[in-house]
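Notes for the one structure printed next.
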Amino acid sequence: MNAEAKQLKALYDATGFLTAIDVLGKEELQQAYKEHAKLEDTFGKEYTQYNLHNTHMQYEWVMNLAAHPKLLDTITAVLGPNVILLDSRFICKYPSSDVPHKDNTAPYVAWHQDMKYWGFEGGPVASVWLAFDDVDAENGVLQVIPGSHKQGILEHRVAEIPGNLLTTNQEIPRHLVQVEDMVECPLKAGQMSVHDGLTVHASEANMSERRRCGFVIRYVPTTAYPVKDPERPRTFPATVLVAGTDEFNQFEDHAPNFFSKTY
């Protein structure tokens with residue numbers, strides 16, 4: 001591990017997140033933007049808000065984003081050299097002028113931890129937000145609580161405020177969240193943030209006239225293994241070995257035919 005990777009890992013281990021990491025160049029970003037626009041045209045923006053799930057199995061350009069060498073430089077720095085792509089999803093918060101808010105309720109993401117409902121053990125999960133758009137406080141920037149990954153899994157309950165985008169509508173009760181320590185993670189399009197699966201995080205509604213779209217990708221080390229837990233019922237139909245080797249074979253490698261691992 002080189003000096004830069006050691007610094008990244010030390011910061012990640014201490015705070016539970018990294019942000020403003022450059023990944024996509026201008027041409028790469030423009031191409032990804034065009035391809036995503038095709039999906040918006042095909043499925044409609046109401047659908048593409050949250051329903052483009054594990055599309056790395058269908059589209060080569062999506063798989064290439066998930067296995068981008070600059071992205072994997074950071075992921076292998078924090079997880080180690082042998083890494084599995086666990087899951088992916090596009091999340092887009094559109095302005096209300098593009099997708100009217102249902103019942104006048106703006107979609108947001110409540111305070112939560114990714115690990116609460118993931119259904120595996122044996123290693124951490126690292127969650128990436130690869131920004132397709134500039135992200136700031138106006139259009140729903142990621143908010144994290146530094147160091148919260150050291151607390152273990154916290155209590156989650158059904159969210160009290162309507163509009164929560166999370167699949168199971170979960171949230172951590174506010175009295176368990178040190179909101180006064182909150183840090184925002186603004187990004188330029190083409191940059192990424194990454195946070196640990198135990199890091200407490202959230203994002204407010206997009207109240208601007210700008211879209212806030214990103215590609216969310218989850219990675220685990222090959223030491224991780226799925227568990228049967230009624231509180232965390234999960235299947236993993238889209239796992240792909242993207243870095244190093246897998247001597248444990250706890251997850252099936254579902255690599256699509258068009259993907260050749262090079263990292």
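Computed from a prediction, not measured in an experiment: that's the story for all the values here. In what follows, every heavy atom counts, from backbone to side chain, and hydrogens, waters and symmetry copies are set aside.
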Could you check whether any side-chain heavy atom of [X] comes within less than 4.5 Å of a side-chain heavy atom of [Y], counting everything from C-beta outward?
{"X": "E155", "Y": "L176", "result": "yes"}
{"X": "S193", "Y": "I21", "result": "no"}
{"X": "Y59", "Y": "L39", "result": "yes"}
{"X": "V158", "Y": "Q170", "result": "no"}
{"X": "M63", "Y": "L85", "result": "yes"}
{"X": "Q178", "Y": "S148", "result": "no"}
{"X": "L8", "Y": "L18", "result": "yes"}
{"X": "P221", "Y": "P124", "result": "yes"}

Heavy-atom closest pair, residues [X] and [Y]:
{"X": "L79", "Y": "A126", "value": "CD1-CB, 3.9 Å"}
{"X": "F120", "Y": "V125", "value": "CZ-CB, 3.5 Å"}
{"X": "K261", "Y": "G244", "value": "NZ-O, 2.9 Å"}
{"X": "A67", "Y": "L72", "value": "O-CD1, 3.5 Å"}
{"X": "A189", "Y": "L29", "value": "CB-CD2, 3.5 Å"}
{"X": "T76", "Y": "A243", "value": "CG2-CB, 3.9 Å"}

[X] side, atom [atom1]; [Y] side, atom [atom2] - distance, nearest 0.5 Å:
{"X": "R89", "Y": "S127", "atom1": "CZ", "atom2": "OG", "result": "12.0 Å"}
{"X": "Q58", "Y": "F258", "atom1": "CD", "atom2": "CZ", "result": "8.5 Å"}
{"X": "E138", "Y": "E209", "atom1": "CD", "atom2": "CD", "result": "10.5 Å"}
{"X": "F132", "Y": "I91", "atom1": "CZ", "atom2": "CD1", "result": "12.5 Å"}
{"X": "I84", "Y": "E252", "atom1": "CD1", "atom2": "CD", "result": "11.0 Å"}
{"X": "L65", "Y": "S88", "atom1": "CG", "atom2": "OG", "result": "9.5 Å"}

| query | Aromatic rings Y47 and F43: how do their planes relate, parallel, tilted or perpendicular, breaks at 30° and 60°? | reply |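 Geometry flag for F43 against Y47: parallel rings.
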| Is there a donor-acceptor contact under 3.5 Å linking the side chains of H112 and D114? |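 H112 vs D114: donor-acceptor pair found between side chains.
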| Does the side chain of H68 come under 3.5 Å of the side chain of E28 through a donor N or O and an acceptor N or O? |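 Result is yes, a qualifying pair exists.
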With hydrophobic residues grouped by side-chain heavy-atom distances under 4.5 Å, do [X] and [Y] end up in a single group?
{"X": "L130", "Y": "V78", "answer": "yes"}
{"X": "L142", "Y": "F17", "answer": "yes"}
{"X": "W129", "Y": "W111", "answer": "no"}
{"X": "V177", "Y": "V144", "answer": "no"}
{"X": "Y33", "Y": "L52", "answer": "no"}

| task | Name all pairs fulfilling the salt bridge (Lys or Arg N to Asp or Glu O under 4.0 Å) condition that reach into residues 162-174, sequence neighbours left out, sorted by first residue then second. | result |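 Residue pairs with at least one partner in residues 162-174: R157-E171.
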| query | Does any pair with a residue in residues 123-136 pass salt bridge (Lys or Arg N to Asp or Glu O under 4.0 Å), and if so which ones, sequence neighbours excluded? | reply |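 Salt bridge (Lys or Arg N to Asp or Glu O under 4.0 Å) check on residues 123-136 returns D133-R211, D136-R210.
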| task | Taking the six-membered ring for Trp and the full ring for Phe, Tyr or His, determine whether the centres of Y50 and F90 are under 6.0 Å apart. | result |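 Between F90 and Y50, which both carry aromatic rings, the centre distance is not below 6.0 Å.
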Do any N or O atoms from the side chain of [X] and from the backbone of [Y] form a donor-acceptor pair under 3.5 angstrom?
{"X": "K9", "Y": "G80", "answer": "no"}
{"X": "R218", "Y": "L86", "answer": "no"}
{"X": "N82", "Y": "T245", "answer": "yes"}
{"X": "T223", "Y": "G122", "answer": "yes"}
{"X": "K6", "Y": "A77", "answer": "no"}
{"X": "Q113", "Y": "L198", "answer": "yes"}
{"X": "H149", "Y": "D13", "answer": "yes"}
{"X": "T239", "Y": "D253", "answer": "no"}

| field | side-chain hydrogen bond (donor to acceptor under 3.5 Å, both in side chains) assessment of Y108 paired with N206 | value | CA-CA 8 Å; Y108 72 102; N206 179 5; over 6 Å; no
| request: Please report the C-alpha distance between V220 and W118 in whole Å, then the side-chain angles of each, then the deciding distance to 0.1 Å, and finally whether the side-chain contact (heavy atoms from CB on, under 4.5 Å) criterion is met. | output: CA-CA 11 Å; V220 294; W118 269 104; over 6 Å; no
| Sequence neighbours excluded, which residues qualify as side chain to side chain contact (heavy atoms under 4.5 Å, CB included) partners of Q30? |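 Once residues adjacent in sequence are excluded, the partners of Q30 under the side chain to side chain contact (heavy atoms under 4.5 Å, CB included) criterion are K26.
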| task | May I have the step-by-step check of side-chain contact (heavy atoms from CB on, under 4.5 Å) for I217 and L71, ending in yes or no? | result | CA-CA 10 Å; I217 325 158; L71 187 156; 3.8 Å; yes
More than 12 non-hydrogen atoms from neighbouring residues, nucleotides or ligands closer than 6.0 Å to [atom1] on [X], yes or no?
{"X": "Q49", "atom1": "CD", "result": "yes"}
{"X": "K188", "atom1": "NZ", "result": "no"}
{"X": "E4", "atom1": "CD", "result": "no"}
{"X": "E35", "atom1": "CD", "result": "yes"}

| task | Kindly determine whether V83 and Y263 satisfy side-chain contact (heavy atoms from CB on, under 4.5 Å), including the steps that lead there. | result | CA-CA 10 Å; V83 174; Y263 198 96; over 6 Å; no
| task | Considering only Ile, Leu, Val, Met, Phe, Trp and Tyr, and joining two whenever side-chain heavy atoms are under 4.5 Å apart, list the other residues clustered with V99. | result |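 Cluster partners of V99: Y94.
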| Worked check of side-chain hydrogen bond (donor to acceptor under 3.5 Å, both in side chains) between D87 and H53 | CA-CA 8 Å; D87 184 270; H53 185 213; 2.7 Å; yes
| field | By salt bridge (Lys or Arg N to Asp or Glu O under 4.0 Å) - contacts of D181 (at least two apart) | value |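 Expected list: none.
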| Inter- and intrachain pairs under ring pair (Phe, Tyr, Trp, His ring centres under 6.0 Å), touching residues 168-195, at least two apart |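 Sorted pair list: H195-H201.
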| Going through the distances and angles, do M192 and T74 end up as a side-chain contact (heavy atoms from CB on, under 4.5 Å)? | CA-CA 10 Å; M192 79 173 193; T74 297; 3.5 Å; yes
| request: Check step by step if side-chain hydrogen bond (donor to acceptor under 3.5 Å, both in side chains) holds for N169 and N164. | output: CA-CA 6 Å; N169 193 28; N164 185 14; 3.3 Å; yes
